Each structure stands twice: as C-alpha cells, then as structure tokens.
There are 2 protein chains.
Amino acid sequence: MYLDERKKRILQAVVQDYIATAEPVGSRTLARKYNLGVSPATIRNEMADLEEMGLLEQPHTSAGRIPSDLGYRYYVDYLMEKTHLTAEEQDFIVQSLATKLQAVEELIARTSEVLSAMTNLTGLALGPQWAGSVILYIELLPLVPEKAILLVVTNMGTIQHRFLEIPDEITARDLAVISEVLTRHLRGLTLERLSRAALRDIRDELAAYRRVVGLVLEAVEDAIGGGRAERIYLGGTLNILNQPEFRRDLAKVKDILNVLETEHLLRQLLLEEAGGTLAIRIGGENRAFNMPYCSIVTASYRVGDRVMGAIGLLGPTRMEYARAVATIEFMSSFLSEMLAHFYR
Amino acid sequence: MYLDERKKRILQAVVQDYIATAEPVGSRTLARKYNLGVSPATIRNEMADLEEMGLLEQPHTSAGRIPSDLGYRYYVDYLMEKTHLTAEEQDFIVQSLATKLQAVEELIARTSEVLSAMTNLTGLALGPQWAGSVILYIELLPLVPEKAILLVVTNMGTIQHRFLEIPDEITARDLAVISEVLTRHLRGLTLERLSRAALRDIRDELAAYRRVVGLVLEAVEDAIGGGRAERIYLGGTLNILNQPEFRRDLAKVKDILNVLETEHLLRQLLLEEAGGTLAIRIGGENRAFNMPYCSIVTASYRVGDRVMGAIGLLGPTRMEYARAVATIEFMSSFLSEMLAHFYR
DNA sequence: CCTTAGCACTCTGCCAGCGAGAGTGCTAAC
DNA sequence: GTTAGCACTCTCGCTGGCAGAGTGCTAAGG
C-alpha cells in the first residue's frame, strides 16, 4: 500500500492523537495540534482518502476519525518511531527484578508485575518452559509410613513431585536403590521422550521390586508429562478498567477477563508466534479471540537458543505501541540475560 | 434484639426476595409472593419498624426496602434455613476433586474453581500451609558447574528449592556429605524455629567446608522463611461482573478486583477469623476492606487439629448465604478428609 | 387496640424534544 | 491543488412530562 508523505504524516498524527486522547480526532484538531502546513479542509480530503483505503474509520458521520486495525498495522510497521526506555526506567526494572531473587518462578512472576507497572497495561508472563530440559535426578524419599515422595529435578532447576503409596515392606534403603537405578537410566534424557528401552531396562534391573516399580514408573511419567503446564503470571489485570474505552462497556471487560482467566487461551495467545523475536497482533488479527478491541505485544525469552517462555502486554488497540514494544524488548532480553547467568 | 414472629417472617421474606431479585422489595410484592396473611398496609407498618431498628433500609423514599448489613446479619444468625448440597452436587464435587489427583497444590487450585462453579461467586483457596510442618530432608544437588540446587522436603510433602553458587572445588560427594549433615541436624525441627544450637553444630561439623557452609545455611533459612507465602488460588473472578449490582458500577468492580489482585489483602481476608470453623463477614463488617457491598464466607481446613489453609467465597452482600455456607462447609470437610488420607 | 382500605405524595426511569457543539462533505473561488 | 464557506448530520446533555411503584397517613372496621 503506497501512501505519499502527507498521508503518512496525517495517519501518524491521527494514530498518535487517538492513542493519547481516546477521542475520535477531527481535521480541525489535527491542523491545530500538529503543524502539517495545510488547512483543515485539505486534511479532510486526505482523511477521506485514508478512510477509503481502509486505514481510518468513522464511528458515525459527524465524529472525527479513528484508526482501523489496518491503520494501526501500517503505523506499527512503517510510521512508529522506535523509542527506548530511559536509563531510569531500565534501572527501575533491574532493581525490581534483580534484588534478592530466590527462584526462577519468582523472577517470572515479578516480570508480569513490572511489565504492567511500566505501561499501565496487563502484563503476561509464561514459563519457565519445562519441555526440552533434561532429567538430572530422580529421588524417592519416604514421607510417612506407606507414603513416599518422588522428586524429578531437571538441569534447568525445575522440580516436579508426586506422592506414591508404597507397600510397608519397602524400606528407605530400597527406595534409595530404586532412586539410584532410575537416575542412572534416565539421567540426560529430555522430558519429551523417555526412551522405551530405558524404561524396560529399569523394569529388568528392579525385578526384585516388581510390586512397586510399576507404580513408580507411572508416577515418573506422570510427573514429567503433567509438568507441561507452566504457570502463567498476570500483572495489572486491573489496568483494563482504567482504559476509557472499557469504562462504559462491561461486556468487553468481561470478554477480556474471561480470556485472562482461562489459562489455555492465554498460553495460546502468548505462544502463537513464538518463532520470531517480537510479535504484535492488533485487534481482529487475533482471530482466535473474541477481542477485536485488544492488541497484544509478545516476545519469547531464551537461554541460548532454547525458548524458555514468553512475555506479553495486553491492552486496547489504542495502546502505546512504541512504549509497549520498547518495554517488551528490554524485558525479554533482560530476562534472557538473567536466566543465562542463572543457569550457567 | 427482639423481633416478634411476624417481624421475623417479614425480614426473612425481604432478605430472600432481595437475594433472589436484586430489586428493592415493596409491601405489595411481599404480600403477594409470600402468604403472610396480612395486607400490604400492615406489612408497611412492620417494615417501617424494621427500618427504624436498623435492619432494613430504603435506597430512596419511594422504592422498596433492602436489607442493611445488620439485617443480613440477623438473617444469617437466626432466620436462615440451613441447607445441604444435594447428592448430585456432592458427587460433582467429589468427581471434580478426586480424579487423577497428583499433588496437593492441584487439589487446592481445583477447589477454588469448584467453589465458584457451585455458587457463581468468586472462590478463594489458600494453602496448603507450610508453617508448622517439619523438616524431613535437606538435599544439595549439583546442577551445572558452580551451581547447586537446595531442596527442603517437609513431612507434609511440600518442597522448597533455592539455587546456590558454589566454588568449583566442591564435588558432588562434598555436597552429599553436607546434605547428610544438614538433614541429620535439622530433621524433625519445625520450620518456624531452627534452633540456633543446631545451626552452630552444623557449622562446627562442617568446618572443613567453611567457604560454603555460610551460603548454604543462608539458603536454608531463606527457603524456610521465604516459603511462608502460600499461594492463593482464585476461581470465577468473572462472576463478579454477572452480579446486577455491579454491572453499572465500575468503581466497585475495581475495588473488588483490586483486593483480588493483592495477595496479602486476600490472605488477611481468608485468615482473619481462622479460629472458628466458619466465618461470615457481611458488608461493612469487613472493616479493613473498602468493600461495604461484599460479603465473604470462609472456613479453614485441617489435618488433625492443624490448620492447613482456608477457603472462602466472596460475593455481593446479596449472596445466597445458605448455599454459600453449605458449599463451604462441605468443601472444607471434604478437603480435610482428602488431605488426611493423603498424609496418613 | 390492631388491622386494613383509601388516598395523596414522592421518587425513579423512560421517552421525546430541543439546542449546542463538533465535524463532515461539497462547492466555488483562489 | 488548496482553501474558505456553508449546509448538513450526528452525538450529547438537558428539560419536562408521564407512568409505575411504593410509601406514610388517616380514618373506618373488627
């Protein structure tokens, strides 16, 4: 789609003004606030063109124009001036995330809050990804009589646990033996596929414990498979209610909260385009979700070249894209850095 | 406060009708729907009395009456007919919670969702309580070069972990020795107070590892102290938006979501009266919270006589108390039962 | 003395009508 | 190609009127 310079400037001005005010913007306002060097009448003509091209739309005949999804898209792709967080802001993030950090989950949890605090949007954070990591230890420890706890520790430091009923005659020593055998055979395998061969070997070697080995292996498989659901952290859900476009429209708020409450939807939202570094999906571009009035900016974070999770910002289509992008970019690279340091 | 039979019946009818319809209820309606055997005029006189006593109030001169906090309180304490969940409902709960259960956290998480599904209110669940449990194992495992992971396992099957930087020269065998010493000295201690003596003994016995023992003990203390923040699970946040009294009033919704988003407020809300079995706090009785239009029904769940956590239902003051109470009571005793079975 | 019918009064919610304000599209002049 | 002028349109907020619901009071009845 080709736009001459003047159209670009006008589109840019409309988008920026609408983002700032949430009010449809008219030719007069435009001429006054942004010195475009032409009169309102000319701007009107241009805006009519932009509307015909599908970049702007009118809520009703006699209101100003607002950007369409396509208009935002053009803005984001070609017109938006990239910004960076200020040194103070970066510092704030670093302080918020780096102080007294105890476990990776905590880092991710705080990330969602910081994201929201930086932008007044809703911050999302997913991870850390459990898939793709490698088993380091499997331990079976007696808990109370006839109960044991199974721990699976991976090289990423994630831990899954399961409870097991065990027959009375199995001693702590037996459990230690079983742990050792399990660890020896499974160590180094990725979680996605425990080789069938390894499982059979274990069964053979532990033939003496026939009564429990089935249960134990089941628990192992379960711990590994069931752990797939990484937690999603939300920050600033409340901010949605501060957006003027939603103050009056409970139905929309409900749609959004519904998505925010449904983990698998969120997961889909965050991971859909985790391939690239940064994804911006605007309004109706999010086909799967009934939220044509929302945009989302997402990015994955990595350790080395493995995707460890994703973060995102959800807000009205009218969000400050430049700031959202700057924040997401900084946060995802900072997260990657922190994790790299954490794990190596 | 003494009420004669007729006043009781009228108050009861007002509360029930208002709970059902969310509309102020007038004398005419009352006379028609509930056969009180008297005319609207008499009812009006009685209602005027009830209003003077502070049990009812009028939104404006010419609307019907609605119960005041005090009115609800009287209803809950003296007039409410206790109900029980039907066999089908109980079955639904049992099915939802008992199938394929993997870990205690999952049980609690599902509880909040079931609570909300049963009542169309917002379900809260806190726990399982980490305080009061006893250390069973402490393990220090090498993770990647110069990093180790510390695991603290308690008799309740909760696990805390922390990452540690360790000098290169410390071997896996060294870590095993340290683990053994830690476990030997700390096993059986409750998390609240690791005795100073035990810590000194450890320091003495591990003098050879002077370089790491400080770090390790710090991590242990941190894992134990930091773990205090049990997770809170929410279910059905969305239901708030379905309440007619909040459909129009974004400010209230915001207040509520704000509380729901702030963990320490929720914790306070759930634990405030964990002493008794069941607590109902109505509207303004919740002094600490700026939500005079909300009530909350809470109960703790236990294993033996130790409080393991709490569950609750949050909704408008107009909630169906009888149902909320029945649900909470069933759920908390069912939870206690499940956990008792789990742990013993 | 309690209960009840009747009635005047009050307040809300809803709708229609109106004017102000903002913005547009079109036309004609520059 | 640009711009001033103008008629037109649409929203928003305000007002007044009206129906509906409910009340309190009074007076009559058991």
Side-chain angles (χ1 to χ4, degrees), chain A residues 2-11 13-15 17-18 20-68 71 244-245 247-249, chain B residues 2-11 13-15 17-18 20-68 71 244-245 247-249:
Chain A
Y2 175 75
L3 296 188
D4 62 39
E5 271 316 307
R6 195 168 64 188
K7 282 198 174 58
K8 282 187 191 169
R9 285 196 64 192
I10 290 176
L11 177 59
V14 171
V15 174
D17 204 75
Y18 186 64
T21 65
E23 298 289 334
V25 18
S27 54
R28 217 181 120 80
T29 322
L30 232 44
R32 225 178 339 158
K33 283 219 269 194
Y34 306 79
N35 57 347
L36 299 167
V38 290
S39 76
T42 309
I43 294 174
R44 278 204 288 282
N45 291 330
E46 294 287 44
M47 290 208 294
D49 291 351
L50 288 170
E51 184 171 354
E52 200 167 353
M53 297 168 83
L55 296 166
L56 295 181
E57 41 195 41
Q58 253 178 320
H60 55 87
T61 329
S62 136
R65 301 309 208 285
I66 64 177
S68 66
E245 51 263 70
R247 307 277 301 255
R248 287 281 161 82
D249 199 337
Chain B
Y2 174 75
L3 295 187
D4 62 39
E5 271 316 306
R6 195 169 65 188
K7 282 200 174 58
K8 282 186 192 170
R9 285 196 65 193
I10 289 177
L11 177 58
V14 171
V15 173
D17 204 76
Y18 186 64
T21 65
E23 298 289 333
V25 19
S27 56
R28 217 181 119 80
T29 322
L30 230 44
R32 225 179 337 159
K33 283 218 266 194
Y34 306 79
N35 57 346
L36 299 167
V38 291
S39 75
T42 309
I43 295 175
R44 280 205 287 281
N45 291 330
E46 295 287 45
M47 290 207 294
D49 290 351
L50 288 169
E51 184 171 354
E52 200 168 352
M53 298 168 82
L55 295 167
L56 296 181
E57 42 196 41
Q58 252 178 321
H60 55 88
T61 329
S62 138
R65 299 314 207 283
I66 63 176
S68 66
E245 50 263 70
R247 306 276 304 255
R248 286 282 160 81
D249 199 337

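Chain naming here is simple, since letters A, B, ... match the order of the sequence lines and numbering starts at 1 in each. From a predicted model like this one, the values you see are computed outputs, not experimental measurements.
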In whole Å, what is the span from the CE atom of B:Met47 to the P atom of D:dA21?
15 Å

Show, in sequence, the C-alpha distance, side-chain angles and deciding distance for A:Leu3 and A:Leu55, and conclude whether the side-chain contact (heavy atoms from CB on, under 4.5 Å) test is met.
CA-CA 11 Å; A:Leu3 296 188; A:Leu55 296 166; 3.9 Å; yes

Counting side-chain heavy atoms from CB outward, which of C:dT4, C:dT10, D:dT2 is closest to B:Asn45?
C:dT4

Provide, to the nearest angstrom, the distance between the NE2 atom belonging to A:His60 and the C1' atom belonging to C:dA22.
9 Å

Which atom of A:Asn35 lies closest to which atom of A:Arg9, heavy atoms considered:
O-NH2, 3.5 Å

Just to be sure I understand the rule, does B:Thr61 reach a base, reach only the sugar-phosphate, or reach nothing, if contact means heavy atoms closer than 4.0 Å?
sugar-phosphate

Once rounded to the nearest 0.5 Å, what's the spacing between atom CD1 of B:Ile10 and atom CD of B:Glu5?
11.5 Å

Does C:dT3 have its OP1 or OP2 closer than 4.0 Å to a side-chain nitrogen or oxygen of B:Arg6?
yes

Verify the contact: side-chain N or O of B:Thr29 to OP1 or OP2 of D:dG22, cut-off strictly under 4.0 Å; return yes or no.
yes

d(CD1, B:Ile10; C1', C:dT3) in whole Å
12 Å

Measuring to OP1 and OP2 of C:dT24, would you say a side-chain N or O of A:Arg65 lies under 4.0 angstrom away?
yes

Once you round it to whole Å, what is the distance between C1' of C:dA22 and CD of A:Glu23?
11 Å

B:Glu46 or A:Glu51, whichever maps to the more 5' nucleotide of DNA chain C
B:Glu46

Looking across every strand, which nucleic acid part, if any, lies under 4.0 Å from A:Ala63 by heavy atom: base, sugar-phosphate, or nothing?
sugar-phosphate

With a 3.5 Å cut-off and just heavy-atom distances, do the side chain of A:Ser39 and the base of D:dT3 make a donor-acceptor pair?
no

Report yes or no: does A:Ser68 contribute a side-chain atom to a donor-acceptor pair with the main-chain N or O of A:Gly54 at less than 3.5 Å?
yes

Give the minimum heavy-atom separation between A:Ala22 and A:Pro244, together with the two atoms involved.
CB-CG, 3.7 Å

Establish, with yes or no, whether the OP1 or OP2 oxygen of C:dC2 is under 4.0 angstrom from a side-chain nitrogen or oxygen of B:Thr42.
no

Distance in angstrom units between A:Glu57 CD and C:dT24 P, rounded:
15 Å

Can you find a donor-acceptor pair, distance only, under 3.5 Å between A:Arg44 side chain and C:dG25 base?
yes

Atom-pair distance (CD on B:Gln58; P on C:dT10), nearest Å:
14 Å

A:Leu30 CG to C:dA22 C1': how many Å, rounded?
14 Å

Rounded to whole Å, the CD1-P distance (B:Ile43 to D:dG22) equals 12 Å

